[in-house]
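Index from 1, following the sequence. Every number for a ligand or one of its atoms is a count from 1 in the order of the listing. Scope of the values below: all heavy atoms of this structure, side chains included, with no hydrogens, waters or symmetry mates.
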Amino acid sequence: MSITDNIKRLKNEIETLDVKLIAVSKTKPVEDILEAYNAGQRIFGENQVQEMAEKEASLPKDIQWHLIGHLQTNKVKYIAPFVSLIHSVDSIKLLKEINKYAEKNNRIIDCLLQIYIADEDTKFGLGFDEAIELLRSEEFQHMKNVRIVGLMGIASNTENEKQIKEEFYELKTLFEGIKTSFFRKEDSFKEISMGMSSDYNIAIEQGSTMVRIGNDIFGKRVIKHFKNTEDSSEED
Ligand SMILES: *Cc1c(COP(=O)(O)O)cnc(C)c1O
């Protein structure tokens, strides 16, 4: 099936359930993104800062760019002028940097806290306690240019559907708890970003509001998954 067919099919399947489709275009050329764009897709996810900045510069301005991969503090400045949502906030230090560059650009940047739910140690994210600690911190209370609009999680890379379901269920439960404790009066805290090509059906069943789909739209990537997150050569 073509990219156009895939977008139409997925939009129909997912958006009728009131779930947002994030087309994950990492490693894919701008021509592929344009094809998806012409089929009506407006939200694209990338996991590398430089790649996203280059694509943003050459593509239509009404595209909403979502950063879904690990973000290093020293790279925040490159995406702060245009990024629409950062899914991968995994430390207060990073959030502080996002706040700083959001202020410099005169904007408020929407963010998700990435929560560690997988049974693997290669993935980034905050533990449940760490997320709560961050939200409670005085430092966070003073940040005026970031807005936490929800949580993001990546389930284990396993065939075991029961396990995936439990991991998504945990994220949904944490979301409800955090909503009650910290955002009761804020309607903007409403997003749960969970689900990829292999598990988005389970994620939607468990309450996902945003699915991040690459393979099922653009076909297999030549470069393996999570390239960026495994590259520790320039860690903070
Ligand atoms: C690559 C990636 C996806 C998309 O994965 P597919 O299997 O291609 O659907 C989703 N989320 C994150 C964080 C990713 O890095």
Q: Could you pull out, from Asn157, Leu67, Ile68, the option with a heavy atom nearest to atom 12 (C) of ligand 1?
A: Ile68
**Q.** Whether Asp216 lies under 4.0 Å from ligand 1, heavy atom
**A.** no
**Q.** ligand 1 atoms in contact with Gly214 (distance to a heavy atom under 4.0 Å)
**A.** 4 (C), 6 (P), 8 (O), 9 (O)
Q: Mark up the atoms of ligand 1 that fall under 4.0 Å of a heavy atom belonging to Arg212, in ascending order.
A: 4 (C), 9 (O), 10 (C), 11 (N), 12 (C), 13 (C)
Q: Decide yes or no on salt bridge (charged side-chain N to carboxylate O under 4.0 Å, His left out) for Glu186 and Arg147, but give the supporting numbers first.
A: CA-CA 10 Å; Glu186 280 136 282; Arg147 186 169 73 157; over 6 Å; no
Q | Donor + acceptor pair across side chains of Ser88, Gln114 (<3.5 Å) | A | no
Q | Nitrogen or oxygen of Asn215 less than 3.5 angstrom from that of ligand 1 | A | yes
Q. In ligand 1, which numbered atoms sit nearer than 4.0 Å to a non-hydrogen atom of Ile154?
A. 13 (C)
Q: Evaluate the ring planes of His66 and His87, with Trp represented by its six-membered ring, and classify them as parallel (under 30°), tilted (30 to 60°) or perpendicular (over 60°).
A: tilted
(Q) Ring-plane angle category for Phe44 and Phe218, please: parallel below 30°, perpendicular beyond 60°, tilted otherwise. (A) tilted
Q) Side chain, backbone, both or neither: which part of Arg221 has a heavy atom under 4.0 Å from ligand 1? A) side chain
Q. Can a donor-acceptor pair be found between the side chains of Arg9 and Asn6 at a distance below 3.5 Å?
A. yes
Q: For atom CZ of Arg136, decide whether the heavy atoms of other residues, nucleotides or ligands shown that lie under 6.0 angstrom number more than 12.
A: no
Q) For ligand 1, which atoms sit closer than 4.0 Å to a heavy atom of Ile213? A) 9 (O)
